[in-house]
Amino acid sequence: MLAEVDVAIIGAGVIGLATAREIAQGGKGVFVFEKNRTFGLETSNRNSEVIHAGIYYPENSLKARLCIEGKILLYKLCDKHNIAYKKTGKIIVAVEENEISWLEELYQQGRKNGVDDLVLLSRTELKKFEPNIEARAGLLSPSSGILDSYTLLKFLYSQAREKGAKFVFDTEVVGIERMGAKYKVQIKDRDGISAFVAHVVVNCAGLNSDKIAQFAGIAKAGYKLHYCKGEYFSLDSKYRNLVNRLIYPVPGQAGHGIHWRRGLDGRVLLGPSAYYVEAIDYSVDEAHKQYFYNSAKGFLPFIKLEDLAPESAGIRPKLQGPGEGFRDFVITHEEKTGFPGLINLIGIESPGLTAAPAIARYVGRMVYEFFN
Ligand SMILES: Cc1cc2nc3c(=O)[nH]c(=O)nc-3n(C[C@H](O)[C@H](O)[C@H](O)COP(=O)(O)OP(=O)(O)OC[C@H]3O[C@@H](n4cnc5c(N)ncnc54)[C@H](O)[C@@H]3O)c2cc1C
């Protein structure tokens, strides 16, 4: 007889952890399978740690709705449980004259999404907020901030465990097979291959989530992930106190643009870049330094090329390939596809960290509807 569990979650990034906490606190048995030796070693630990306001995404998209709900939940969670954060505020800047209309569009988009505290800034107003920034105009988002993502991950992990979720590390899910109303989840660990039975499977496998859906037999072309790498460069500590807020350029095609971010530890990072890659490789190419410098010097005129140093990289699990338009998060109970009890989360790129508590609630409701 194979061991049986109510809910198997694949992946212990921020989405798997938040979902495990949510489902376990409702009283269901939860197993989380993670291929790495511990939680949060992939995208959830390789990002800007920005709490996004919810400006950029189309109205009513999951990205917009879950970002805004997640932001509110995240600030409350941080306050209640002493998770370090700072509501720094953020300014998106127009460096060129033709970018000013972009700020106005973002302002309108944010308002449509329900971000009602945005303020358009003239050059003079911008200079009052950030005297060292050079730009023609700005869009201030007071509700944006930064957090310590590792403390958040650790908190979600320990709360999920306290509520009864069991974590199985160093264990990779290598197959999913429908068995009547349940699923046989094949796992590979250092002892070889074995299996588990689960009533519900929640696919939170980040960069591998399209492959997990395929394992289960869902071969939708629309689920294919494209990897989009983002590198960071650090700036010399002498710049630390020159700018207080997060400073972003107007967004690019694949990312939010190379921004200025001072972390809770005071260190300043520039990044992330955005370019498509075939394989997962977290090295930072020093040859990209000039590109970072060129991208940022327009609004950070005080930086010097020699003060940039390679820092880290993350990879976005994107549903849109190069040159393609907006794609929303896929968060779907695959009942209609013929897989009741299988919940796929695919393409959970930015603002996934911000949205995590809201995504967990959203998935939690799907799971409880299924059991009732
Ligand atoms: C460069 C960059 C900057 C970003 N900046 C921000 C930001 O500032 N703010 C924001 O809100 N969001 C940001 N994001 C997005 C955010 O980081 C992600 O949306 C979020 O971390 C996704 O979490 P996850 O749990 O889905 O994925 P992950 O953290 O990748 O977790 C997935 C887990 O699944 C495991 N797994 C995979 N396959 C298997 C398998 N077969 N068996 C068992 N385990 C498996 C992996 O090992 C991994 O631990 C950024 C992302 C990037 C790349």
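Ligands are counted one by one from 1 in listed order, and the atoms in each one are counted from 1 as well. Every heavy atom of this structure was used, including side-chain atoms; hydrogens, water molecules and symmetry mates were not.
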Notebook entry, point to check: Parallel, tilted or perpendicular: which fits the ring planes of Tyr248 and His259, with parallel below 30° and perpendicular above 60°?
Noted result: parallel
Notebook entry, point to check: Partners of Glu49 by side-chain hydrogen bond (donor to acceptor under 3.5 Å, both in side chains), sequence neighbours excluded?
Noted result: Ser149, Arg261
Notebook entry, point to check: Is the side chain of Arg178 donor-acceptor paired with the backbone N or O of Gly338 at a distance under 3.5 Å, no angle test?
Noted result: yes
Next item on the list: For the residue pair Tyr150 and Phe39, categorise the inter-ring angle as parallel (less than 30°), tilted (30 to 60°) or perpendicular (more than 60°).
Entry: parallel
Note to self: Could you work out, with side-chain hydrogen bond (donor to acceptor under 3.5 Å, both in side chains) as the rule, every residue matching Tyr282, not counting sequence neighbours?
What the structure shows: none
Note to self: Can you list everything that forms a ring pair (Phe, Tyr, Trp, His ring centres under 6.0 Å) with Phe339? Sequence neighbours excluded, please.
What the structure shows: none
Next item on the list: Taking only heavy atoms of the protein into account, state which residues are under 4.0 angstrom from an atom of ligand 1, in chain and number order.
Entry: Ile10, Gly11, Ala12, Gly13, Val14, Ile15, Phe33, Glu34, Lys35, Asn36, Glu42, Thr43, Ser44, Arg46, Asn47, Ser48, Glu49, Val50, His52, Thr171, Glu172, Val173, Cys204, Ala205, Gly206, Asn208, Ile212, Tyr232, Pro272, Gly314, Ile315, Arg316, Ile348, Glu349, Ser350, Pro351, Gly352, Leu353, Thr354
